[in-house]
Each structure stands twice: as C-alpha cells, then as structure tokens.
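Residues: numbered from 1 along the sequence shown. What's counted below: heavy atoms across the whole structure, side chains too, no hydrogens, waters or symmetry copies.
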Amino acid sequence: SLNGEISNINYTNGELLRNRDRSGSVSSYVSKVQVVLGAQWGDEGKGKVVDMLSGNADIVCRCQGGNNAGHTVVVDGKEFDFHLLPSGIINEKSISIIGNGVVVHLPGLFEELAKNEAKGLSDWQNRLIVSDRAHLVFDFHQQVDGLQEAEKGGKSLGTTKKGIGPAYSSKATRNGIRVGDLLGDFNTFSDKFRSIVATHQRLFPGCAVDVDSELSRYAQYAEKLRPYVKDTIFYLHSALRNGKTVLVEGANAAMLDIDFGTYPYVTSSNCSIGGVLTGLGLPPKVIGEVIGVVKAYTTRVGDGPFPTELKDDIGDLLQTRGGEIGVTTKRKRRCGWLDLPVLRYTSLVNGYSAICLTKLDILDTLPSIKIGINYKLHNKTIYNFPGSISDLAHVEVEYVTLPGWLQSTANVRDFRDLPEAAQNYVRFIEKDLDVPIKWIGVGKGRESIIKVY
Ligand code: 2SA
Ligand code: GDP
Ligand code: MG
C-alpha cells in the first residue's frame, strides 16, 4: 500500500508530513499549488514575487533548470541572489524543495548555501529537501557546455555555461546520474561515473577530468548531501493532503522553454506549466493560481531572435536604469519594448490566472512608450507565434505608442496614486491579455509593490 511505501522511506530530518489514513484521490486535497512562472525571456523578477508570496507558503519548490537561474530578492536593502535554492529559503518558516526535474551541481549548491549563510541565512539544515530523482550536473558537463559553445563559433547560443544542456542530454540519453545513485552503492556510482566521463571524452577529447579525485570529492558530497535527500513526490503529496500551502518557483521562462521557446535559442528544460507537473510529480488537478511574471518591457540575455529589441539610446537607457545585468554571468541583457504577441502566446501555454507586472518604475523617465501589438510576416498580420526562428527574425512588429508619465512611481503603493498615463499603460496590457494584473512592481525592495486586487 501507499502507506507502506511512505513508511519505508528513510526520512532523516524534519517533521514527517503524512496522513496515515490515506483518504483517497488528489481531489480530496485540502490545498492547491500556487505557481510563479516567467512570461518572457527570464529575469522578470520572479525571485521578488516568490519572496512576496512565500510569507504564506509552507513549502517553496524549484521544479526545473539548475544554477543557470539567477533570482534576486532584496530585503531591507540587502540583496540576495539565488541560483539553485528556491528564493523562499530566506523565509524561515518555509521548507524548500529542489524537485526531481531540477539538475543539481553539488559544488554550486554548497557554495550557494555557504554564501547565503554568511549573509544571514539560518536554519537551512532543517528546511532544505533535495529529490532523490534529481539529476546531477558534474564539472565535466560545465566544461562540455563551454566546448559546445566554442565549437558553434559565431552561432553560439549564449548559454550560462553551467552545464545545463549537457546534464539534461545525459538525462535524456539515459546515461545521467541521479542524487539517489550518489547516495546508493558507491561502487555502482563510480562505475557509472567512469562510463559517463568516457562517453563525454570520446565526443570532446578536450574535456579533462581527474576521475579519481572527482570520485573522492563526490564520496564527501554524498555524506554532506545525505541528510537533505527525500522522496519529494510522496513528501509533497502528503503535505498537500494535510493542508500545507505549496508555492512553485519557475526558473528561466516560457520563451526559453525547450518546446515553446525560440528553439534552439532556449534552455534545456520545460520552463512553462508542464515542467511544474513533471518536475515535481504533481497532477494538473492540484494546480491553483498560475502567476505570470511580466516585466514592463522586454529583456533577453544570450543570443536568439528578439523582435522588439532596441539597439539605440532607449535600449541603453532601459539597460542602465533597469540594472539589466545577468545575475549568474554578469552579462549585459538586451532590452526592448513590451511584446504582446509573446505574452499572448505564453499566456495560452501557461494559462495565467494573474499577472505581476514588474519594473514599471524603470519606464518613469520616458516621454512616450511603445508596445508591440502585432507581428507581420511578408506584410500579413500573423495570429500564431512563429515556430521557426527564421520567420521570427523576419517579423515586422506593429507598435502602439502610449504617453509616458515622467514622474517617479517608486513610492506609490496604491494603484489610484499612479499617474494616469501609468494606469493606462497597465490597463492596456491587462485588457489585451484578459488576465488581471494583480500586482505591480515599482522598485527592487520587498516593500516596492502595489497590490491592485
Ligand atoms: P543555459 O545556460 O543552457 O540555460 O542557456 C540557454 C539559454 O537560456 C538563457 N538563460 C537565461 N536567461 C535569463 N536569465 C537566466 N538566468 C541568469 C540571470 C542569466 C545570466 O538571472 O540573469 O546571468 O546570464 C538564464 N539562464 C539561462 C541563456 O542566456 C541562454 O540564452
Ligand atoms: P528573476 O530571474 O525573474 O528572479 O529576475 P532577476 O532577479 O534575474 O532580475 C530582476 C531584477 O529586477 C533584479 O535585480 C530585481 O531586484 C529587480 N526587480 C524586480 N522587481 C522590480 C521592480 O518592480 N522594480 C525594479 N526597479 N527592480 C525590480
Ligand atoms: Mg534571473
């Protein structure tokens, strides 16, 4: 029985969230899962939104991606950046889960924990859970990421070189090594490791690995990690059955999704709603609110088509005023106007029930603001989102120009106190997408948010 299976799981720390009298199907769960997803090309401010919502969450989960992500939270002027850890980890009341769909670079994980501990993060030992099914990212995956990018020359993707693509490749070719493998029989793990290294070295002779020293390093990581590993699927389901509130923190964003994004200029996971289900073992029935995080303009870091990109003074202004620099790689982000065809498309795929519009304050100094409202291809308006990047590279964007407001919105906390032009900008987007804009971000800090509804 399911109960039997649950009792056999070796929960080594924390409270055991389970219900012995297992009362039927997911329909009887008390709680629904709240999901935060990036609606553009990433860096919309998901970290800040998760921080805002995690105050009410018992559990915050990552479901996909790895430490390519960079999520910023600013509390009392102090800036935290999270890569593998859910941003909710700074909320001392919530449990953080790294789900089965995430790819985990253990050196990166422990470095991130140490760095945040130095900044004041406490008690994470009792609040972090890592799935036994999550795949490991090794240093050689990161090397291969760099080598693959170098081989592509001028056609590189602009990855973060964190080994994400190579690690998901190992997973898909069934050569991957999971957290559970590392914690199991170490000889079996060693054999798998030697074999996966050999495979990569056949393909990339430039990939240098000191296998013995890696193995002894990983023997240590295994013991360091062991206390935090659980079957997160059973853990989450018992939590939901028991009325715990669960928040999912999407990483990257829909336009970087391996299926729905601008392939091949994408990351290697499903960063849209599907990745939440497969990356945590959750059925659609338990999904409640799906919050799309939308930046008030568009940015993209890395290569690939970007129809509303501004390669001019306004683009530079958005880049500097917005502090648009990669949190993981420190690369400058490309900037452009808001793109409604992108948002309509990702709204279809993700089914947003609410939107958080971030960084409205960055537009404060613009006398007029454009919004991309339609794409034309070969002089005809198109109503789908092009699946081919060559089509996307050739679309002509139709814009509407709205008046700017030329005053600071940074201290506004009530929608009615926003300048009329700013209210109109927000309403224009809301009306087009037909999704309520529930929050508006007007600054980096936790407090800089307008709750509209
Ligand atoms: P990868 O490393 O294989 O996932 O890269 C593939 C593409 O995905 C993009 N990507 C990102 N885009 C925005 N933000 C990300 N996180 C960091 C941040 C990025 C950084 O928060 O700023 O620091 O540069 C992120 N991670 C991956 C990437 O740029 C490639 O286009
Ligand atoms: P994420 O990857 O979606 O979590 O976003 P990042 O942290 O990579 O990038 C968003 C950046 O914008 C961070 O520096 C945030 O501190 C900042 N930010 C988030 N919301 C707002 C906002 O409403 N206004 C301003 N000015 N900055 C914001
Ligand atoms: Mg980011």
Side-chain angles (χ1 to χ4, degrees), residues 34-56 71-75 87 247 249-250 253-254 289-299 308 317-318 321-324 333 335-340 342-344 346-347 350 352-373 400 402-453:
Q34 195 176 32
V35 179
V36 172
L37 295 174
Q40 293 150 313
W41 274 283
D43 312 319
E44 298 89 352
K46 297 175 292 292
K48 179 178 155 173
V49 177
V50 166
D51 173 58
M52 169 182 85
L53 299 171
S54 73
N56 298 318
H71 295 176
T72 316
V73 178
V74 180
V75 185
S87 306
L247 176 65
E249 174 174 1
E289 198 167 28
V290 180
I291 299 159
V293 187
V294 174
K295 197 181 289 194
Y297 47 99
T298 311
T299 62
T308 62
L317 178 124
L318 293 173
R321 259 186 76 75
E324 296 295 352
R333 296 177 184 144
C335 299
W337 298 119
L338 191 77
D339 185 328
L340 283 176
V342 160
L343 293 172
R344 286 178 205 134
T346 74
S347 184
N350 284 331
Y352 307 128
S353 55
I355 282 174
C356 176
L357 185 72
T358 62
K359 303 189 97 159
L360 186 71
D361 55 304
I362 303 305
L363 305 178
D364 287 350
T365 60
L366 291 170
S368 63
I369 304 168
K370 287 189 181 183
I371 298 180
I373 51 167
V400 63
L402 300 182
W405 43 93
L406 297 174
Q407 51 180 293
S408 173
T409 55
N411 296 319
V412 176
R413 296 291 176 267
D414 187 316
F415 185 76
R416 290 162 299 188
D417 296 335
L418 276 177
E420 203 184 331
Q423 292 191 17
N424 289 340
Y425 186 75
V426 175
R427 291 296 182 220
F428 187 93
I429 303 162
E430 183 172 63
K431 190 159 174 247
D432 188 275
L433 299 176
D434 197 20
V435 179
I437 295 182
K438 221 167 154 178
W439 303 271
I440 300 168
V442 288
K444 273 176 164 266
R446 204 181 236 181
E447 65 292 344
S448 303
I449 198 117
I450 300 171
K451 191 169 186 319
V452 187
Y453 299 108

Examine distances only and state if a side-chain atom of R321 and a backbone atom of I362 form a donor-acceptor pair shorter than 3.5 Å. yes
Is there a donor-acceptor pair under 3.5 Å between the side chain of T346 and the backbone N or O of A39? yes
Is there a side-chain contact between V36 and V293, using heavy atoms and a 4.5 Å cut-off? yes
Side-chain touch S87/K48, heavy atoms, less than 4.5 angstrom: no
Tightest non-hydrogen contact, residues D414 and V412, listed as O-CG1, 3.2 Å
With a 3.5 Å distance limit and no angle check, can you tell me whether T298 reaches the backbone of W337 through a side-chain donor-acceptor pair? yes
Taking it one step at a time, do R413 and E447 satisfy side chain to side chain contact (heavy atoms under 4.5 Å, CB included)? CA-CA 9 Å; R413 296 291 176 267; E447 65 292 344; 4.1 Å; yes
Let me confirm one number: the CD1-CG distance from I449 to L360, rounded to the nearest 0.5 Å. 11.0 Å
Can you tell me if T358 uses its side chain to pair, donor with acceptor, with the backbone of E44 under 3.5 Å? yes
Going by heavy atoms in the side chains, are K295 and D43 under 4.5 Å from each other? yes
Nearest atoms (heavy-atom pairs only) where G42 meets A253: N-CB, 3.2 Å
Verdict with supporting geometry, D432 and I373, side chain to side chain contact (heavy atoms under 4.5 Å, CB included): CA-CA 9 Å; D432 188 275; I373 51 167; 5.5 Å; no
Heavy-atom check, side chain of V452 versus side chain of I450, under 4.5 Å: yes
Short side-chain to backbone donor-acceptor contact, S347 and R344, under 3.5 Å: no
Restricting to non-hydrogen atoms, name the atom on Q423 and the atom on R416 that form the minimum distance, rounded to 0.1 Å. NE2-O, 3.3 Å
Just wondering, do W405 and L366 contact through their side chains at under 4.5 Å, heavy atoms? no
Enumerate the residue pairs fulfilling salt bridge (Lys or Arg N to Asp or Glu O under 4.0 Å) with a member in residues 417-429, sequence neighbours excluded, ordered by first and then second residue. R427-E430
With I355 as partner, the option from V426, V294, I440 fulfilling side chain to side chain contact (heavy atoms under 4.5 Å, CB included) is V294
Any side-chain heavy-atom pair from V442 and K359 closer than 4.5 angstrom? no
Nearest non-hydrogen partners of V435 and Y352, listed with the distance: CG1-O, 3.7 Å
Dump the intermediate steps for side chain to side chain contact (heavy atoms under 4.5 Å, CB included) on I429 and I437, then the final yes or no. CA-CA 9 Å; I429 303 162; I437 295 182; 4.2 Å; yes
Just by distance, do the side chain of Q40 and the backbone of Y297 share a donor-acceptor pair under 3.5 Å? yes
Of all heavy-atom pairs between A421 and P403, which one has the smallest distance, and what is that distance? CB-O, 3.6 Å
Y425 to A296 - nearest heavy-atom pair and separation: OH-O, 2.6 Å
Full working for side chain to side chain contact (heavy atoms under 4.5 Å, CB included) between N424 and L402: CA-CA 8 Å; N424 289 340; L402 300 182; 5.7 Å; no
Decide yes or no for L363 and L318: does some side-chain heavy atom of the first lie under 4.5 Å from some side-chain heavy atom of the second? yes
Nearest 0.5 Å please: distance from the CD atom of E249 over to the OG atom of S54. 9.0 Å
Would you say C356 and K46 make side-chain contact, with heavy atoms under 4.5 Å? no
Would you say T299's side chain and C335's backbone share a donor-acceptor pair under 3.5 angstrom? no
Under the 3.5 angstrom rule, does the side chain of D364 hit a backbone N or O of T409 as a donor-acceptor pair? yes
